[in-house]
Amino acid sequence: MQLRRDPITQSWVNLEDEGETLARPRGAPCPFCPGHESFSPQTLYENSGGESSWRVRVTPHPHPIYRIEGDPQRRAEGIYDKMRSLGAHEVVVENPSHDLQLSRLTDENVAQVLRAYLARVNDLKKDRRFRYVTVFRNHGALAGGEFEHPHSEITATPFIPRRVGYELRSCLRYFELKERCLFCDITGQEVADKIRIVDQLDPFVAFCPFAARVPYETWLLPLRHHCSFEEDLTVWEEQLRFARLLKSVLLRLEAVAPTYHLVLHTSPNLGAKFQSSGIWRTLAEDYHWHVEILPVIPSKAKSYALKEVYYNSLLPEVAAQTLRNVRI
Ligand SMILES: [Zn+2]
Ligand SMILES: [Zn+2]
Ligand SMILES: [Zn+2]
């Protein structure tokens, strides 16, 4: 695997040298069920919740997209940039049961999963080679879910992923102009308007964004300002409340859009090597952590004109109303 930078858009592209097959042989035992720890022997994090066996466990991904060892070896090829696909790729096993999805877990168990995210993001940010840590969840085979066992994934990369890069630049520009946080302003308006709110559990809120990219796209975020998930969501009571709101949103979504991508957007690693500190001068004030959930809807082949922009067949006002009305 190698990373190449698109010189026009500046985004990094992950390129596979040879088509590796990642599929697990059919009928092979689940590597994440209790008792099968020998398939994934290295434990990066474990939470027993006071019981004898683990409740949440984090282990390196068995087929990582990124490799943890060594140096990125950034180099030029003429005018082009490339580097090794250095990074971390981990699996968060959300609970011991093979069939119990995140939305069906107890509040306490979901809060323990959030604690695992927190601990791993903090730990990976100590590695100065990594500029960004992403926590995400591919729910359902259509969303690229690789394992049946309920899990999330974490990657740490020597670059800031494209979408987060756009957000950081946009939030900085808005702050320079108005000396206010863009996400705080958006959230303030959504809470006042109410039409796109899915659910609210103070100090957190969930709503469908104004320009939703896909049907039922939903964001969850704290009402009070903070740029960093792992520094903000540290108190058990608040972890429980966020867990409760997340479960409510997932249960509603699963009734109408059972396959989704979930991603956590938090501040970049300010301690990373070569990270120019100047551009992050106002980060604590201008960026606001959040979770985005993007349902994956099977779609027919689209006209090229619709590929150039996002095309969403459902107004977020209608989506939010449908989600609010789901009986959970
Ligand atoms: Zn399993
Ligand atoms: Zn804010
Ligand atoms: Zn985001």
Side-chain angles (χ1 to χ4, degrees), residues 92 102-103 105 107-122 125 132-137 152 154 163-164 166-168 170-172 174-175 178-212 217-253 260-270 280 282-294 316 320 323-324:
V92 181
L102 191 64
S103 56
L105 299 180
D107 295 349
E108 286 74 17
N109 202 160
V110 175
Q112 283 164 349
V113 173
L114 296 172
R115 284 194 150 187
Y117 293 169
L118 207 103
R120 291 310 303 146
V121 173
N122 273 327
K125 277 189 164 182
Y132 201 78
V133 183
T134 309
V135 178
F136 61 100
R137 217 172 172 270
S152 322
I154 300 177
R163 168 86 191 173
V164 186
Y166 292 157
E167 287 183 2
L168 290 166
S170 186
C171 286
L172 174 61
Y174 190 85
F175 188 82
K178 308 205 180 191
E179 293 185 42
R180 297 198 304 265
C181 162
L182 175 54
F183 279 95
C184 280
D185 278 9
I186 290 174
T187 309
Q189 182 167 333
E190 292 302 337
V191 170
D193 283 355
K194 296 192 178 67
I195 44 172
R196 283 177 292 270
I197 298 289
V198 175
D199 197 1
Q200 184 170 342
L201 187 65
D202 288 339
F204 307 104
V205 66
F207 61 87
C208 295
F210 179 72
E217 175 174 356
T218 305
W219 296 355
L220 289 87
L221 74 180
L223 291 159
R224 58 145 203 255
H225 178 80
H226 206 295
C227 69
S228 153
F229 162 83
E230 64 280 7
E231 285 168 29
D232 188 30
L233 202 64
T234 52
V235 179
W236 179 243
E237 285 310 314
E238 294 214 346
Q239 290 165 345
L240 276 175
R241 287 182 83 77
F242 192 72
R244 208 168 300 150
L245 180 66
L246 180 62
K247 274 175 57 182
S248 151
V249 170
L250 292 180
L251 286 170
R252 291 167 199 280
L253 274 172
Y260 61 81
H261 292 138
L262 177 153
V263 64
L264 167 68
H265 283 163
T266 184
S267 56
N269 184 11
L270 301 186
W280 309 125
T282 59
L283 180 88
E285 288 169 279
D286 70 46
Y287 195 60
H288 194 128
W289 73 266
H290 56 279
V291 167
E292 296 180 9
I293 306 175
L294 291 140
L323 292 172
R324 277 198 303 272

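If you read the sequence from its start, that first residue is 1, and numbering goes on from there. No hydrogens, no waters, no symmetry mates; every other heavy atom, side chains included, goes into these values. Keep in mind the model is a prediction, meaning the values are calculated, not measured.
What you find for Cys208 and Thr218 is that their closest heavy atoms are SG-OG1, 4.0 Å. The two residues Ile195 and Ala320 come nearest to each other via the heavy atoms O-CB, 3.7 Å. Here the shortest heavy-atom pairing between Ser152 and Tyr117 reads OG-OH, 2.7 Å. The two residues Lys125 and Ser267 have their closest heavy-atom pair at NZ-O, 2.8 Å.
With values rounded to the nearest 0.5 angstrom, Leu253 atom CG is found 10.0 Å from Ser103 atom OG. Rounding to the nearest 0.5 Å places OG1 of Thr134 at 6.5 Å from NE2 of His265. Remark: Ile293 CD1 to Leu264 CG distance equals 11.5 Å, nearest 0.5 Å. Residue Arg324 holds its CZ atom at 10.5 Å from CZ of Arg196, rounded to the nearest 0.5 Å. Summarising the geometry, atom CZ belonging to Arg120 is positioned 6.5 Å from atom CD1 belonging to Ile154; distances are rounded to the nearest 0.5 Å. Within the model, atoms CD of Gln200 and NZ of Lys194 stand 8.5 Å from one another, a figure rounded to the nearest 0.5 Å.
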Report the C-alpha separation of Leu201 and Ser248 in whole Å, then their side-chain angles, then the decisive distance to 0.1 Å, and conclude whether the side chain to side chain contact (heavy atoms under 4.5 Å, CB included) test is met. CA-CA 10 Å; Leu201 187 65; Ser248 151; over 6 Å; no
Requested in this report: Starting from the C-alpha separation in whole Å, work towards a yes-or-no answer on side chain to side chain contact (heavy atoms under 4.5 Å, CB included) for Val205 and Leu221.
Outcome: CA-CA 6 Å; Val205 66; Leu221 74 180; 3.8 Å; yes
(request) Carefully, step by step, assess Val110 and Leu102 under the rule side chain to side chain contact (heavy atoms under 4.5 Å, CB included). (result) CA-CA 7 Å; Val110 175; Leu102 191 64; 4.2 Å; yes
Q: Please assess Tyr287 against Glu167 for the test side chain to side chain contact (heavy atoms under 4.5 Å, CB included), listing each intermediate value before the final yes or no.
A: CA-CA 8 Å; Tyr287 195 60; Glu167 287 183 2; 2.6 Å; yes
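Ring centroid separation for the pair Phe242 and Trp289 comes in under the 6.0 Å cut-off.
Applying the side-chain contact (heavy atoms from CB on, under 4.5 Å) rule to Leu240 yields the partners Asp107, Glu108, Ala111, Trp236, Glu237, Arg244; only residues at least two apart in sequence or on another chain are considered. Partners of Arg224 under the salt bridge (charged side-chain N to carboxylate O under 4.0 Å, His left out) rule, at least two apart in sequence or in another chain, are Asp232, Glu238.
Proximity of Glu190 to Ile197: side-chain heavy atoms (C-beta onward) are separated by under 4.5 Å at one or more points. Between Val191 and Phe207, the closest side-chain pair of non-hydrogen atoms is not below 4.5 Å. Within the 4.5 Å cutoff, the side chain of Phe204 has no heavy atoms near those of the Val291 side chain. Under the 4.5 Å side-chain criterion, counting only non-hydrogen atoms from C-beta, His288 is in contact with Pro222. By the 4.5 Å heavy-atom criterion applied to side chains, Tyr260 and Arg137 are counted as neighbours. With contacts defined as side-chain heavy-atom distances shorter than 4.5 Å, the pair Tyr174/Asp286 does not qualify. Leu118 is not listed as a side-chain neighbour of Leu114, based on a closest heavy-atom distance of 4.5 Å or more. Pro268 places a side-chain heavy atom less than 4.5 Å from the side chain of Leu283.
Counting only distance, with no hydrogens or angles, the side chain of Arg252 and the backbone of Leu323 share a donor-acceptor pair below 3.5 Å. Judged by distance alone, with hydrogens and angles left aside, the side-chain atoms of Thr266 form a donor-acceptor pair with the main-chain N or O of Phe229 at under 3.5 Å. Judged by distance alone, with hydrogens and angles left aside, the side-chain atoms of His225 form a donor-acceptor pair with the main-chain N or O of Ala284 at under 3.5 Å.
When only modelled atom types and interatomic distance are considered, His226 and Glu231 share no side-chain donor-acceptor pair under 3.5 Å.
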